[in-house]
Structure formats: structure tokens, C-alpha cells
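Each remark here refers to the structure printed beneath this line.
Convention: sequence-line order gives letters A, B, ...; per-chain numbering from 1. Quick caveat, the model's predicted, so the values are computed rather than measured.
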Amino acid sequence: MSKINKILVANRGEIAVRIMRTCREMGIATVAVFSEADRTSMHVRYADEAYYVGPAPSKDSYLKADKIIEVALKSKADAIHPGYGFLSENAAFARLCRENGIVFIGPTAEVIDKMGDKIQARKAMIAAGVPVVPGTTEAIKSEDEAIETIESIGLPVMIKASAGGGGKGMRLVEKAANIISAVRAARSEALASFGDDAVYIEKYVSSPHHIEFQVLGDEHGNVVHLFERECSIQRRHQKMVEETPSVLMTEDLRYQMGKHAVDAAKAVNYVGAGTIEFLVDNDLNYYFLEMNTRLQVEHPITERVTGIDLVKKQIEVAGGMHLNLIQSELEQKGHAIECRIYAEDSDNNFMPSPGKIHNITEPLGLGVRTDGYVYEGYEIPIHYDPMISKLIVWAQTREEAIQRMRRALYEYKITGIRSSLKFLNRIMETPDFVTGNYDTNFIEKNRKTLMAESVEELEQQDMVIISAYFDFVNRKNKIIPTKELNPANNRWKKYTYQKNFDRL
Amino acid sequence: MSKINKILVANRGEIAVRIMRTCREMGIATVAVFSEADRTSMHVRYADEAYYVGPAPSKDSYLKADKIIEVALKSKADAIHPGYGFLSENAAFARLCRENGIVFIGPTAEVIDKMGDKIQARKAMIAAGVPVVPGTTEAIKSEDEAIETIESIGLPVMIKASAGGGGKGMRLVEKAANIISAVRAARSEALASFGDDAVYIEKYVSSPHHIEFQVLGDEHGNVVHLFERECSIQRRHQKMVEETPSVLMTEDLRYQMGKHAVDAAKAVNYVGAGTIEFLVDNDLNYYFLEMNTRLQVEHPITERVTGIDLVKKQIEVAGGMHLNLIQSELEQKGHAIECRIYAEDSDNNFMPSPGKIHNITEPLGLGVRTDGYVYEGYEIPIHYDPMISKLIVWAQTREEAIQRMRRALYEYKITGIRSSLKFLNRIMETPDFVTGNYDTNFIEKNRKTLMAESVEELEQQDMVIISAYFDFVNRKNKIIPTKELNPANNRWKKYTYQKNFDRL
Amino acid sequence: MPIEIKLGDRIASVKILNQNENLIEVMVDDKTYNIDLMHNDEGTFSIIESNRSHNISLVPSQKPKTYTAFTLHNTYDLEVIDAEARYIRNRGAGAIAQSEKQITAPMPGKIVKVLVKEGDEVKQGQTAVILSAMKMESEYKVAIDGVVKAVNVSDGDTVESNQVLIEID
Amino acid sequence: MPIEIKLGDRIASVKILNQNENLIEVMVDDKTYNIDLMHNDEGTFSIIESNRSHNISLVPSQKPKTYTAFTLHNTYDLEVIDAEARYIRNRGAGAIAQSEKQITAPMPGKIVKVLVKEGDEVKQGQTAVILSAMKMESEYKVAIDGVVKAVNVSDGDTVESNQVLIEID
């Protein structure tokens with residue numbers, strides 16, 4: 001067991017700040033690293049120490065494993081927390097940490113390697129008895145084998161290039177008559193795209209739910225799960241809204257899936273926080289999709305319903321401590337929803353909207369948590385992820401949580417850039433979301449109402465026009481801005497309220 | 001049962017905003033009232049409608065019952081929420097609401113009257129079997145009666161002027177020999193101060209704990225309690241820190257006190273949210289102190305451990321709904337602490353510090369709730385309460401909650417005015433608080449460490465001096481401020497990081 | 001002096017009829033409002049009109065006299081048309097198609113690849129430049145058939161919002 | 001040009017030795033620091049010194065060249081002493097007791113009661129005025145024996161921070 005007194009956070013943005021918050025609570029000193037674009041980022045100002053690691057592009061700074069190790073050694077950090085993204089699922093980096101006597105807060109390099117390889121992960125899950133999407137684990141050898149396989153797993157199926165990615169070399173087969181032509185087409189496309197015509201076959205799950213289970217494991221063989229997160233609200237595989245519990249879940253299903261999630265983690269002797277992602281169809285069949293061997297963006301909703309600080313647990317088990325959690329004592333209390341705030345223009349094809357934050361007002365009060373990192377005057381760099389903040393609400397029931405989220409979105413004001421706030425509010429008002437009747441096709445299905453033009457009364461428009469009028473006149477007459485709220489123009493004579501318009 | 005669609009909030013500051021938040025979640029429209037000093041206050045900007053009610057002094061605006069009723073009628077509000085302070089415990093106002101067909105969100109005028117009168121309240125509690133501080137309920141008639149009474153309740157006792165207040169006409173008696181002289185002295189001082197020499201006798205509880213129970217009642221005779229709040233950290237009877245659960249509490253004591261709190265509320269057919277305040281001595285004897293017939297400042301810690309939105313419950317029962325809470329199903333989960341942020345200078349005898357907020361950064365993240373109302377550029381008026389915000393944290397254990405509070409206080413930055421943030425942080429670090437070994441004498445007892453001068457390293461001072469240097473130089477050269485973080489001076493030549501100082 | 005303000009397709013005329021400090025009688029087109037307006041120099045506006053509380057935030061754009069306004073549910077682009085602007089507008093009436101002759105960056109970003117060079121003949125719909133911002137690449141296409149008059153950026157350049165990247169003739 | 005800065009009782013001399021944009025070599029008294037300093041015009045400073053991250057917020061006071069600085073744990077009053085200030089300081093060296101001859105408001109507030117009038121003889125410790133702010137009343141006493149030279153406020157007046165209320169001679 002190694003006592004951790006100082007942690008280098010090899011990340012930026014909200015997650016770097018979020019990790020440092022827990023470190024501060026635990027009395028652990030923090031070391032920030034920053035690229036040239038991030039000198040004034042919140043994580044640099046929040047940390048006890050800060051080191052420059054390179055130019056703005058990630059590959060020259062946040063992905064520079066050797067440079068980050070160098071900083072860790074120089075600053076005498078005991079451990080490195082990689083956050084999510086960047087080096088968090090990089091086995092070579094985990095190995096480099098170990099070689100330099102630095103604790104990598106995450107699973108071992110071997111586990112990262114294994115779970116990062118789709119075929120290997122799939123085999124490990126089958127061995128552990130965890131259901132996977134039915135199909136072949138190796139490339140098919142002939143068209144006959146394809147027909148045979150498809151007969152055994154049933155239509156529809158997806159034919160996928162082994163070397164594939166990005167949708168290339170993929171064919172959906174819904175009718176038996178099309179099998180041969182689809183296999184041929186996929187093969188030829190795979191050959192053209194990747195120089196390798198190997199394809200394999202998987203059952204096609206249409207309109208699935210994306211449901212994941214949070215797991216935590218320690219070095220002593222203890223593994224628990226912290227229940228599910230429903231992550232089906234996605235736009236182009238980008239999650240936008242997550243919630244827990246899932247409306248789809250029954251007590252039985254949760255028990256089964258939770259058990260499989262724990263089995264999956266145990267199968268690879270998993271240490272740390274991880275997530276088992278499942279596809280669930282409308283008949284509640286579920287299949288292992290992949291394992292994320294790191295903290296997820298959406299981890300706060302789990303923290304809110306279980307009361308457990310996941311980063312604290314990560315740090316504790318990385319230091320060799322026992323997990324000290326007993327599955328039967330864990331519970332989900334109430335309902336939590338997370339909305340991701342992106343700097344993007346939902347009215348304009350979700351175009352990224354970097355720029356300078358002019359004003360920001362965060363929602364506060366009962367049941368509201370914000371995890372962000374931008375501040376007024378901060379210029380969002382063009383080099384990194386467009387997510388600027390996460391808004392998490394909790395309430396006793398799902399209905400109340402949706403009401404609270406709407407209220408929080410009402411209070412959240414970010415000006416200077418376009419954000420996804422309006423779009424998120426629309427999601428909260430869409431009947432399919434309110435009733436909980438949705439799957440990964442939600443955004444496509446509700447595109448019309450989600451993207452409809454806002455109707456605002458003429459009067460509201462007129463108030464905007466009047467505001468612009470006064471701002472224009474005011475800027476013509478003044479130089480030095482202040483933050484004080486002024487009457488429309490200071491030059492005008494001062495009367496008290498009572499002497500003028502009758503207000504009632 | 002009356003459906004409430006629109007609520008006038010007869011208050012200002014954080015509590016007005018807090019009430020409107022819940023209204024918004026419930027789909028209830030909100031009406032703000034404001035004095036001349038509050039035109040740009042948050043509650044005016046948050047509400048759907050806003051009405052001017054008079055000049056800055058409270059007596060000319062927020063206390064103008066008739067004016068507020070007039071606004072309620074004009075705006076067609078169904079109900080008025082009085083918040084705390086101002087008209088919240090004003091029976092005449094509650095009566096005026098009823099006469100005008102407006103729901104007063106609080107108990108009836110009769111209950112406010114009864115609990116507002118110390119002697120009447122004391123008698124009602126005795127009748128309900130709730131322990132009160134031993135002593136006389138009427139003025140003593142003779143010195144012999146005084147001796148007799150004191151013999152029966154035991155020393156020490158406090159002799160108090162019936163017409164009294166402000167410490168005048170009060171005498172502490174610790175020895176039997178001093179009884180007669182103390183009675184005489186109290187009487188003559190009472191006569192001189194109030195023109196009435198009536199005095200009564202109460203048992204003196206030394207270094208008590210101030211512990212209160214939250215109760216909720218409906219029109220249908222249901223009353224539950226939502227457990228205790230420990231409020232002993234006070235400076236001159238001003239609460240500074242509250243927490244729940246109380247370290248002092250045992251399961252048994254909580255059960256007994258909770259039952260007595262419910263009995264007390266039932267004795268007066270209490271409807272709405274109320275608080276029963278008790279004094280508790282070190283032997284765990286407890287005595288009814290008074291009942292507050294309104295929402296308390298510190299209600300959020302109860303909300304956090306029970307998960308119940310108290311304002312929502314207030315609105316529901318005011319509309320005639322059933323409480324729908326069952327005592328045996330209620331539970332306290334984890335630990336919550338509230339710190340009150342005052343605009344006052346703890347380094348300078350807690351002098352009030354009104355003024356303009358220059359910059360504010362609120363703490364965010366796991367387990368942190370802020371209920372405030374000030375914003376950057378807001379000028380805190382001199383006319384009202386100095387409390388500008390409440391910081392509430394929750395964690396699984398008390399130890400973790402204290403750590404989290406320290407972290408949140410670290411993140412909370414308010415510049416432009418002096419605030420109690422530093423003093424609150426000192427409280428969180430005082431061993432007596434950390435161990436939970438404290439009573440109402442805490443601040444007096446720990447004055448030396450709480451008020452000690454901060455020792456900051458020379459280097460930190462030097463950084464402050466360097467900052468002042470650059471700000472001064474910069475202001476000489478520039479006119480138009482922006483929020484962008486700049487290098488020290490734009491005129492200096494631009495090099496990239498690598499070409500200069502070696503950073504490692 | 002009435003001032004015209006353009007909001008989307010609408011051009012509204014604004015005129016102050018009466019004012020006592022923050023209490024103002026104002027006409028927008030032919031509708032008259034009695035409002036209580038407070039604002040600060042950062043563009044935060046609080047307007048109470050018939051006791052309704054409106055919150056509006058204005059952010060000036062880089063182009064003078066233009067704003068982006070944020071209301072609760074909407075974001076608007078606004079332009080103030082004063083005497084000077086009216087003059088320029090009238091004078092420039094013939095040059096409306098100017099925007100079609102330029103490819104401008106709609107946001108700050110980094111040039112991934114420039115696909116045309118000066119003198120190239122280009123066709124409408126042809127991709128001329130690829131811009132990347134926040135891990136997303138976007139292709140920018142030519143709006144009209146023509147010849148490339150100027151290429152103002154190179155691969156790897158960082159560009160500002162509204163910067164002209166390519167000019168077509 | 002070194003500038004002197006007063007922080008509490010300490011007067012420190014600051015001198016820039018070397019600067020490349022935000023990377024600065026600076027001497028405070030006889031200690032040299034290599035710092036990376038970024039700040040904005042609202043007085044937010046981020047300094048990295050020997051890789052330690054310092055956050056400082058400066059708020060200018062109403063008096064020119066004076067600041068209140070907020071660090072994590074402390075609040076400091078600072079004054080910049082440049083050539084001009086040094087000149088005034090030196091010239092006014094004889095008038096140090098000026099502050100004892102005035103009662104000034106330490107905060108904005110409202111005058112509850114003025115207890116002296118022009119020409120009154122007053123004794124040290126005598127209460128001259130009661131000021132109220134945020135529901136709290138404070139008494140302000142005379143610092144020296146003397147005669148009231150001027151009473152600048154009346155009951156009910158609203159006063160600013162640092163406003164002179166009473167002058168004694």
C-alpha cells in the first residue's frame with residue numbers, strides 16, 4: 001500500500017478541476033499540466049502547482065507521455081490521474097508510469113490492452129459468461145459459412161470489416177436473399193478501404209438502448225457495481241443526456257446485468273473504476289458492447305444517487321486500500337439526470353462555437369450540481385473538446401428531476417458563444433423523454449420538434465430591439481464599462497419612483 | 001383545496017430566489033415585490049412579474065402589508081409566500097391575506113399569535129407535555145415565593161423582567177445567599193428600564209446546545225418531524241454554522257425529542273413548515289425554547305439529508321393537499337453542514353461590509369449547494385440583512401462533510417466586500433468543531449484561534465505586491481477593461497514559451 | 001432621431017417618446033411601451049414592462065453596430081442602422097452578392113487543408129477549404145462558378161471568426 | 001524606475017529586471033523571482049512562481065493608487081507609492097495626526113443620530129455620531145479633546161465609505 005500525497009492530473013477542462021476538488025478534500029496536493037492554449041484555464045489556477053508541457057495541439061502536450069512523466073518525477077507526484085480521453089486508456093502510458101514508480105490511477109496496462117481490443121474483450125466476456133452480441137469472433141472463411149452463421153443467429157445482421165471503422169465495409173442484411181450480395185459488397189469495400197477483405201458477422205440490434213453499469217474493483221479481488229446509467233440520448237454517438245435509474249430497468253434485470261457487469265470486471269481482475277456498456281433491445285435482451293477502463297463523463301449521476309465520490313474511490317484503491325463497499329448495502333436513492341453543455345450551435349447544424357465567454361450564470365439551489373471550468377472572459381480554445389460543462393440534477397422522482405432540470409436550464413445563462421442549452425431544454429420537454437419512452441433513435445425520431453424554430457412573442461422581440469437601441473446609444477456616450485446596473489442613461493434627470501409613472 | 005397557480009413572494013434576497021426556484025419547478029408563476037434599493041436585485045430579475053412597493057427602508061416597502069396585498073390582488077396571485085423575517089411571523093398580515101381571499105403560505109394567524117407570545121407558548125407546551133425550562137409561568141409575587149421556587153427547581157437560575165429584553169433586568173443566581181439581593185436588583189432595574197418591576201424565574205442552562213426540530217403539518221391533522229438541526233455555533237445569538245445530524249444526538253434522544261416536537265405542533269393544529277427550538281444541556285436534558293412559525297434560514301441541510309423540498313411541501317399543504325409523508329419512512333441520509341456567508345469584516349469586530357461585489361466565484365461540484373442572490377457588479381444595500389449567501393455541503397460522513405466544506409470555502413471567492421468566508425474556514429479547522437465537541441459557547445471559547453492573525457509566507461505577500469505593481473502600471477496605460485486574461489503588458493514582445501525560461 | 005434596428009428579416013424603428021431616468025416611454029414601429037429599463041455596460045438588461053420581468057443579454061459582435069442578443073429561449077443577431085449605416089447601405093445596394101464571392105470562417109478554427117490555389121477555375125459546390133474546430137472538421141464549398149482571385153490562408157493557419165479565407169471572381 | 005508599494009506596515013520596492021511577455025524576472029526588495037504572470041483588467045491575477053500557482057484578486061479603492069488585495073486566506077490594503085505620491089507624502093509629513101481630527105465612515109451606511117453640533121467642546125471618547133448599516137448600529141467616538149469645527153451630515157443621511165462626518169479642531 002502506497003500513501004498518495006500528491007497527484008498529477010494529466011488532463012484539462014472540467015474533469016481536471018473535478019479530480020482536483022476531491023484531491024483537495026482528501027488533503028492531497030495537486031499538480032496541473034497545461035498546454036500553451038491553457039495557461040489561464042481553471043485547472044491551472046485551481047492546482048497547487050502547474051507545469052507547462054507543450055504547444056496547444058493535444059499531441060504536442062496532453063498526449064506527450066514522456067513529458068508528463070518528466071513533470072511527475074520533477075514535482076515528486078506519487079500518482080497520475082489521467083481523467084477521461086487523452087492518455088486515460090493508453091496502455092503504454094500506464095506501463096511508463098509503473099516503470100517510473102508512479103501510481104497510475106486506473107487499471108493495469110494489461111487490462112487496458114485486453115479491453116481495448118474488441119476481439120479479445122469479446123472472447124474474455126464469452127469466457128466469463130457475459131452475453132455478447134451474437135455473431136462470429138473471427139473473420140468468416142467463406143460465403144457458405146456466412147449463410148450458416150446467419151441462419152444460426154437470425155436476421156437482421158450486420159456484416160463488418162475486421163479491420164474496419166467509420167462505417168466503411170459495413171452492410172446491414174435484413175432479408176436472406178441479400179446475404180451473398182452483402183457479403184461480397186462488404187468484402188470489396190473493406191479491401192478497397194483497408195487493404196484487407198476479412199469480414200465478420202454480428203446480430204443487428206435495431207434502436208437499442210445504451211445502458212452502462214459502473215463498476216469498482218480493488219487489488220484484493222473485491223468488485224461491486226454501482227447500478228446503471230441510461231445513455232441512449234445521443235446525437236451521432238455523442239451522448240447528450242444521461243439518467244439513472246433507467247426507466248427500462250426492472251429489479252430482476254438490474255440484478256442480472258449488475259451481476260454480469262461484476263463478472264466481466266472480475267474476469268480481468270479489474271482494479272479501479274470502470275464501465276461496462278451494454279446494448280439492450282426492447283425485449284430486454286442485453287449484450288456486452290465494450291468496457292471503458294476509466295472514469296466516464298457521466299459519472300456524477302451515479303455519485304448523486306449512491307452518495308459515493310467515485311474519484312475518491314479511484315484514489316483509494318489505486319493506493320492499495322480495500323474498497324469497503326458491500327453490494328447488498330449499496331442503493332440508488334431518487335433520480336439523477338445529467339445534461340452536457342457543448343459549445344455548439346444547435347440552430348446551425350451543431351456547428352462548434354468556440355469563442356470568448358461574455359457572461360455566465362450558473363444554476364444553483366436544491367438538487368443542482370454543475371461541473372464546469374469556463375469563467376467569464378475565458379476564451380474556449382479551438383483545440384479541444386467542445387464540452388464546457390455538465391449540469392446534474394437530483395430529485396426524489398424522475399418527474400421532479402425533469403422539472404428541476406428545466407428550472408436549472410432556465411437559470412443557466414452563457415453568453416458570448418452558442419451552446420446546447422436550448423436544445424437540452426427541448427429534450428426535457430419532448431413527450432417521449434418525459435414518459436421515458438426512448439432509445440438511441442430518440443433525436444432522429446423527434447428531430448422535427450427538437451429543431452423547430454422558436455416562437456417568441458412580438459413583445460419579447462421588441463424588448464430585445466429596445467435593449468440594442470439603448471446599448472448603442474450608451475456605447476456612443478461612454479468609455480469605461482462597469483458592472484453596476486444603471487438607469488438607461490446617467491445624463492437624464494433623477495426623479496424618485498413615486499413622482500413618475502404610477503406603478504400599480 | 002385551492003389550486004395555486006401564481007405566488008407573490010413577499011421577500012427579497014436569497015430566500016425570495018430560493019422560493020421562486022421551487023415555484024418554477026412546480027409550474028407556478030411568480031410575482032416579485034421590490035423596494036427602491038432592489039430594482040436590480042436577483043429576485044426581481046428571476047420572477048415572471050415584478051412590482052415596486054416603496055422606498056428602501058423595510059418599513060416603507062417589505063413591511064407594508066396593505067401595499068403587498070394590493071399587489072397580490074392586482075397581479076391575481078393566489079397565494080403569498082412570506083419567506084423568513086419581514087412579514088413571515090406577522091399575524092395581522094396572515095389575517096389580512098385571509099380576509100382578501102389570498103392563501104398565506106404558513107400557519108393561521110391564531111397560531112402565529114399564540115406561538116409568538118412567550119408565556120402563551122410556554123403554557124401550550126406544558127399542556128402538551130413538552131418539557132420547558134423549569135420556572136414560573138407568571139411573575140413572582142414575593143421574595144418568599146422566589147426562594148420557594150428556586151428551591152424547587154434548583155440553582156443556578158436566571159431572574160428575568162417580565163416586560164424585559166436586551167439583557168436589562170436580568171440576574172444570574174448561582175448561590176442561595178444571593179437570591180434576595182438578585183431579586184431586588186432585577187426588580188429595581190426592571191422598574192427603571194420598563195416602568196414595571198414584575199420578574200419571573202427560570203432555570204439557567206449553562207453552555208447549552210441549541211438544537212431544533214423541523215416539523216411539517218397539514219390541514220388534515222398529519223404532522224411529521226424531519227429530524228434535528230444543530231445550531232450551536234452562534235456569535236451574539238446570530239447563527240453561523242448549522243449541521244445535521246447533531247453529534248450529540250442518540251437514537252433514543254432523537255426519538256423522544258422528535259415526538260415532543262410533533263406533539264408541540266399538534267397541540268396548536270399546526271399547518272405548514274415550522275421549527276421547534278430546544279435547549280439541550282450536557283446531560284441531554286432538553287427544554288422547549290420557542291417555535292418559529294416559518295421557514296428557517298438553515299432549512300437546506302434538512303432538505304439535503306431527507307431529500308424533501310420544504311418549500312414545495314409548504315406550497316402543497318397551503319393548497320390543502322395531504323402531506324403524504326410517513327414518519328417511519330423518513331430518514332436522514334449522510335451529513336449536511338451549512339455556513340452562512342455574511343458581508344462583514346471578521347478581522348474588524350465583524351463590522352458590516354456593504355458595498356459592490358467586484359468578482360464572485362461560487363464553489364461547484366459534488367455535494368455542494370449554494371443559495372445566494374448577489375452577482376458581479378451588484379451593490380449590497382445598506383438597508384437589509386448582511387447575509388449574502390448560504391453554502392451547504394453534503395457527504396456520507398461528518399468527517400467527509402467538513403473536508404468538503406473546506407474545499408468549497410477554498411473555491412468560494414467574493415471580492416469587493418469583506419465576508420465571513422475566512423472566519424468560517426477557521427471554524428472548520430478548529431479541533432472542537434472537528435471533534436464535534438461544542439456548544440453555544442464555542443466562539444467565545446475558541447476566540448483566540450478563530451481571531452488569530454493569518455500567517456502568510458513572505459513569498460505570498462510578495463506575489464500580492466507584484467500584482468499591485470502590474471495593475472498600477474497597466475491602468476496607467478489602458479482605458480478599456482476586458483475580461484480576457486492578458487500577459488503582463490501587451491506592448492512587450494511576443495515569444496513562445498519554449499524560447500524563453502526553461503520551465504522544467 | 002429614430003434609429004432602425006434589424007433583427008433577422010425585420011427592420012424596426014425605435015423612438016423615445018418620454019423619459020424619466022429609467023422609466024421610459026418608447027415606440028417600436030407603431031407600438032408604444034412604458035418600460036422600466038436598467039442595464040449595465042456588459043450588456044445585461046432588465047426590463048419591466050406591464051410588470052413583466054424581461055432579461056436580455058447583449059454581446060457586441062466584431063463588426064461595429066452589430067450585436068448578438070440572448071433571451072431566455074433565443075439568440076438573435078441584431079444590427080443598428082443609424083444615419084451612417086443607412087448611407088453605406090444605400091450606396092452599396094448593388095453589391096449584394098459580395099458574400100457569395102467569399103468564403104469566410106463562421107467560427108475561429110484551424111485550416112486543415114486548402115484545396116484550391118489562386119487562378120484555379122472552380123465550380124459551385126466544389127470544396128475549397130477544410131476547417132477544424134473542437135475536434136470537428138467542416139468542408140467549405142464555393143457558392144458560384146468562377147476563378148479563385150485570392151487565397152488568404154495556408155494549411156495549419158489559425159483563423160478568426162468572419163475572416164475571409166478565399167475570394168472568387 | 002522602481003516603485004514602492006505599501007502593504008500594511010511594510011514598504012516594498014519592486015523592480016522589473018527582465019521580461020518576455022508574461023515571463024518576468026522581478027525583484028521585490030532584495031529577493032528575485034522568475035514568474036509567469038497573467039492578469040485581466042478586472043484585477044484577477046494568476047502567477048506561477050517556481051511552478052506554484054498563486055491566485056490574487058485586486059480591487060481598486062476609491063482613493064487613487066490604493067487597492068484591496070484578496071488572496072486565499074487574507075485581505076490586504078495596498079498603496080502604490082510612485083514619484084508623485086512620494087512627493088505628497090514628504091510634503092505632508094507634519095500632518096500625520098490629521099486622521100485623529102476627523103470622524104469618517106468606515107463603510108456605507110445611514111446616519112442614525114448626530115450627537116454634537118458645530119462649536120461644541122468635546123472630550124476624547126465622547127460619542128459623536130451613530131451610524132447604521134445592515135441592521136447593526138455602531139457608535140463613533142471622538143479621538144481627541146477639542147472643539148467641533150464642522151458637522152457634515154444630518155440624521156437620516158446616507159453616507160459613503162470614507163466620507164468625513166465630523167471635523168474636530
**Message:** Please check this pair: side chain of B:His43 against backbone of B:Val9, looking for a donor-acceptor N/O pair closer than 3.5 Å.
**Reply:** no
**Prompt:** Do B:Glu303 and B:Lys313 sit within salt-bridge range, that is, some charged N less than 4.0 Å from a carboxylate O?
**Reply:** no
**Message:** Heavy-atom cut-off 4.5 Å, strictly under: side chain, backbone, both or neither for B:Thr306 against chain A?
**Reply:** backbone
**Prompt:** Among all residues two or more places apart in sequence or in another chain, which pass the side-chain contact (heavy atoms from CB on, under 4.5 Å) test with B:Leu364?
**Reply:** A:Arg21, A:Glu362, A:Thr370
**Request:** Under 4.5 Å heavy-atom distance to chain A, tell me which part of B:Glu331 shows up: side chain, backbone, both or neither.
**Result:** side chain
**Prompt:** Do you know which of B:Gly365, B:Gly27, B:Ala395, B:Pro300 has the most heavy-atom pairs under 4.5 Å to chain A?
**Reply:** B:Gly365
**Prompt:** Hey, which residues of residues 405-415 of chain A are touching chain B, say heavy atoms under 4.5 Å apart?
**Reply:** A:Arg407, A:Tyr410, A:Glu411
**Message:** Could you work out, with side-chain contact (heavy atoms from CB on, under 4.5 Å) as the rule, every residue matching A:Lys312, not counting sequence neighbours?
**Reply:** A:Thr22, A:Met26, A:Asp309, A:Glu316, B:Glu400, B:Gln403
**Complete:** Answer key: most heavy-atom pairs under 4.5 Å with chain B among A:Glu14, A:Arg304, A:Lys390 is A:Arg304
**Item:** 4.5 Å side-chain heavy-atom contact, B:Pro354 and B:Ile417
**Value:** no
**Request:** Quick one: list whatever passes ring-ring contact (aromatic ring centres under 6.0 Å, His included) with B:Tyr373, sequence neighbours left out.
**Result:** B:Tyr378
**Message:** Can a donor-acceptor pair be found, under 3.5 Å and without considering hydrogens, that links the side chain of A:Asp60 to the backbone of A:Gly54?
**Reply:** no
**Message:** Assess whether a salt bridge exists between A:Lys356 and A:Glu379, defined as any Lys/Arg side-chain N lying under 4.0 Å from an Asp/Glu carboxylate O.
**Reply:** no
